Each structure stands twice: as structure tokens, then as C-alpha cells.
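Encoded as C-alpha cells, the structure appears first; notes follow it.
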Amino acid sequence: MSADRHLRALELPVVEAARMLVGCTIAHGECSGVIVETEAYHDSEPACHAFIGLTPRTKTLFEAPGIAYVYRSYGIHALLNVVVEPEGVGAAVLIRALEPLTGLDTMRARRGLDRPTDLCSGPGKLTQALGIWLDLNETPLLGGPIRLGPPPPDRPEPAAVVGPRIGITRAVDLPWRFCVAGNRNVSRPWPPGLMAAALGQGQGTG
DNA sequence: CATGGGATTGACT
DNA sequence: GTCAATCCCATGC
């Protein structure tokens, strides 16, 4: 049932893929985590890098699904995306936050922090915690150094909350961000109305 | 060839 | 809440 959730996600349109990837796992080396926040980007809308077309920078986005698009943000951070949709379409799911699962000590050392909710609670934070950098751009997510996997078997199906994307200036109205309801590892709290919906899922925020 | 902007974070007020 | 750090690449002259 959920054992192939990550595989099914790679076959879907990007917005559905973003929702489907919430709850799946990402691993690099000994470190891994459950995806708790994603955003969809598609070449049909101006917030996506691929909106401008095929360039050296956006080339990865137009390749076949199932590879990583890793790019530098604000000159400092590396951000990890899952490329989806058929070759020739520029679309990817930004991985915005993880709930740390394994390799916590390594994550703490890389991040220089202790609190688990600070380790992977942002797109730049999780790449630092997992040791993912720009050299892993275009590498496969199945059978490559970065491993995309199904949800941990002991977990209930996550309740995803939808909202607008973060940190962009164009196409800000598209509700293409997905979070696990009530999870404290998400990068930023969502609006009050959505928070109420999240609390309704029975996962108290403490 | 020079310039401007960005899918962010952490430190400081 | 505000702000600097830092660099690839698209754009324009």
C-alpha cells in the first residue's frame, strides 16, 4: 500500500507528486529523515526556475523523472528538489523539511546544533544536515547517493496540509506547499486557518 | 563584460 | 522585525 508511495509519486503531475512525497524518506549516507514539507514547481508558472526555458542552469529540471535537482540559493545554501514529469517538462518538488530519522549525531555535528527540530526544519538546513551539496545535482534518487524511499512501515499515513509557497515573489497564490499536519519540523508555521485544520488531525503541537 | 536578483538562514534589536 | 552573507546565471550594453 505505502511501500511504493515514492515510486508512484515520480509518475504523477508535479503538484500531486509533491503531496505524495510527504511521508516518504530521503537518505544520504547514514543520515535519513521523513519528508514533512514539500513545494511543487512547474515551468508553466514564473516562480519555477524552468519558466525561462532550457538553459545550463535549468537543464536538470527538464530531464527524466527520478533525479535530484540541487542548486545554490542566495549564494550560500544548497536546495534539494525531486525532478518529476516526463523528459522535456521542467518540473520538480522542492524538499523543504524533514523529520530526522537516523544519523542524528552526524546531523548535529554538521549543523552545530542539538535540538532535533532545528536540524532539518528548512530547505537549506536539511541539505547541510544530510551532507547534500551541488555536486549531487543530476544524480539518480533510486540507486544513487541520495536515496528516495517509502514511508517508514510503522507510521500512520500522514495528514497533509496545503498552503501557499514560501519565499517567492511570483505566482504567490498557488497553493502548492504541503506539510504534515502538526509536525514541528516544518520550516515555518502555516496561516491560522490552516493551523486549525492541522490541529483537527489530532496531532497536538504541545 | 557589468549588473541584478534569488525556492534562505542566523544574528541581532 | 530587520539585515547581511555570497555566487551562479540571465540579461543588457
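Values reported hereafter were calculated over all heavy atoms of this structure, with side chains retained and with hydrogens, waters and symmetry mates removed. These numbers were taken from a predicted model, which means no experiment stands behind them. Residue numbers begin at 1 in each chain, while the letters A, B, ... track the order of the sequences.
A:Thr169 has a side-chain polar atom (N or O) that falls below the 4.0 Å cut-off from OP1 or OP2 of B:dG6.
When the P atom is used for both B:dA7 and C:dT11, the distance is 14 Å, rounded to whole Å. Comparing C:dA5 with B:dT13, their P atoms are spaced 15 Å from each other, to the whole Å.
In the region residues 81-108 of chain A, proximity to DNA chain C at under 4.0 angstrom, judged on heavy atoms, holds for none of the residues.
Put simply, the side chain of A:Ser187 reaches to within 4.5 Å of the side chain of A:Arg177, judged on heavy atoms.
Look at CG on A:Leu134: it is 19 Å from P on B:dG6, rounded to the nearest Å. For the pair A:Leu126 CG and B:dT9 P, the interatomic distance rounds to 9 Å; values are reported in whole Å. Put simply, CD1 on A:Ile76 is 17 Å from P on C:dC3, counting in whole angstrom units.
Pairing partner, C:dT6: none, since no Watson-Crick or wobble contact has both distances short of 3.5 Å.
Within a 6.0 Å radius of CG in A:Asp135, more than 12 heavy atoms belonging to other residues, nucleotides or ligands are found.
Ranked by how close their nearest DNA chain B nucleotide is to the 5' end, A:Gln128 and A:Arg170 are led by A:Arg170.
Between C:dC8, B:dT8, B:dT9, one nucleotide has an atom nearer to the side chain of A:Ser73 than all others, and that is B:dT8.
Counted by atom type alone, A:Arg110 and A:Gln128 present zero donor-acceptor pairs between their side chains at under 3.5 Å.
For B:dA7, the base has no donor-acceptor partner in the side chain of A:Tyr74 [N/O atoms by modelled type, under 3.5 angstrom].
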